[in-house]
Amino acid sequence: MTASTSPATSPADLFRESLRLLLDKDIDGWVALWHDEGVMEFPFAPDGWPRRLEGKAAVQDYIRDYPAHIDLHAFPDLTIHRTEDPATVVVEMRAVGRLVASGAPYDMTYIAVVTVADGRFTRYRDYWNPLAIPQDGTADFAGSAR
């Protein structure tokens with residue numbers, strides 16, 4: 001295993017590694033952090049956007065073109081809360097960057113509930129704000145049918 005695909009020792013460590021990979025635009029490395037049966041959910045996704053991705057392949061299809069649409073620069077606000085379940089963390093974070101197509105600023109706040117087993121993501125519930133998505137069409141990168 002390479003450094004980018006070796007399992008992290010805790011959910012918090014794995015999550016921090018995943019952010020580093022996103023900033024490096026290493027999508028293959030980011031996907032390698034997922035369990036084959038991992039599930040990613042978007043409870044607040046607007047109509048036409050995916051609400052549930054089942055399996056590593058579906059997650060890869062979803063995230064594959066992310067760097068072509070959003071150029072992430074930093075995660076300036078990151079707080080990771082441990083839970084009573086040692087395999088699960090709750091993450092508060094903010095991502096900043098720019099939208100590639102328009103050059104417009106990207107500034108999104110997220111809360112995620114993340115569960116890990118054997119050093120891989122098994123469940124990732126991403127509570128992002130769909131009202132913060134630019135309405136200029138430049139953010140339709142994630143299998144949207146809009």
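Note that the numbering runs from 1 along the sequence shown for the chain.
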Problem - Step-by-step ring pair (Phe, Tyr, Trp, His ring centres under 6.0 Å) determination, Tyr62 to Phe42 - result: CA-CA 12 Å; Tyr62 175 83; Phe42 307 95; 5.0 Å; yes
Handout entry: Parallel, tilted or perpendicular: rings of Trp34 and Trp30 (30°, 60°)
Key = tilted
If you compare all heavy atoms of [X] against all heavy atoms of [Y], which two are closest, and at what distance to 0.1 Å?
X: Leu33; Y: Leu21; result: CD1-CD1, 3.6 Å
X: Pro50; Y: Ala45; result: O-CB, 3.4 Å
X: Val89; Y: Pro11; result: CG1-CB, 3.7 Å
X: Gly119; Y: Leu14; result: O-CD1, 3.5 Å
X: Glu54; Y: Arg52; result: OE2-NE, 2.8 Å

Do [X] and [Y] have side chains that get closer than 4.5 Å, going by heavy atoms?
X: Ile63; Y: Met40; value: no
X: Asp28; Y: Gln60; value: yes
X: Asp126; Y: Tyr110; value: yes
X: Leu72; Y: Tyr66; value: yes
X: Val31; Y: Lys56; value: yes

Exercise for the section: Report, as yes or no, whether the 6.0 Å neighbourhood of atom CD on Glu37 holds more than 12 heavy atoms from other residues, nucleotides or ligands. Expected result: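 Incorrect, the count does not exceed 12.
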Practice task
Check whether more than 12 heavy atoms from other residues, nucleotides or ligands sit under 6.0 Å from atom CZ of Arg51, and answer yes or no.
Solution key: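 Result for CZ/Arg51: enclosed.
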Problem - Results of salt bridge (charged side-chain N to carboxylate O under 4.0 Å, His left out) for Arg16 - residues two or more places apart only - result: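 Arg16: salt bridge (charged side-chain N to carboxylate O under 4.0 Å, His left out) contacts with Asp13.
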To the nearest 0.5 angstrom, please state how far the [atom1] atom of [X] sits from the [atom2] atom of [Y].
X: Ser18; Y: Asp26; atom1: OG; atom2: CG; value: 11.5 Å
X: Leu78; Y: Arg94; atom1: CG; atom2: CZ; value: 12.5 Å
X: Phe44; Y: Trp49; atom1: CZ; atom2: CH2; value: 16.0 Å

Is the side chain of [X] donor-acceptor paired with the backbone N or O of [Y] at a distance under 3.5 Å, no angle test?
X: Arg120; Y: Ala32; value: yes
X: Thr83; Y: Thr88; value: yes
X: Thr115; Y: Thr122; value: no

Handout entry: For Thr109, side chain to side chain donor-acceptor pair (under 3.5 Å) partners two or more places apart
Key = none
Exercise for the section: Go through the structure and list residues passing side chain to side chain donor-acceptor pair (under 3.5 Å) with Arg98, not counting sequence neighbours. Expected result: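 With sequence neighbours excluded, Arg98 shows a side chain to side chain donor-acceptor pair (under 3.5 Å) to Asp71, given in chain and number order.
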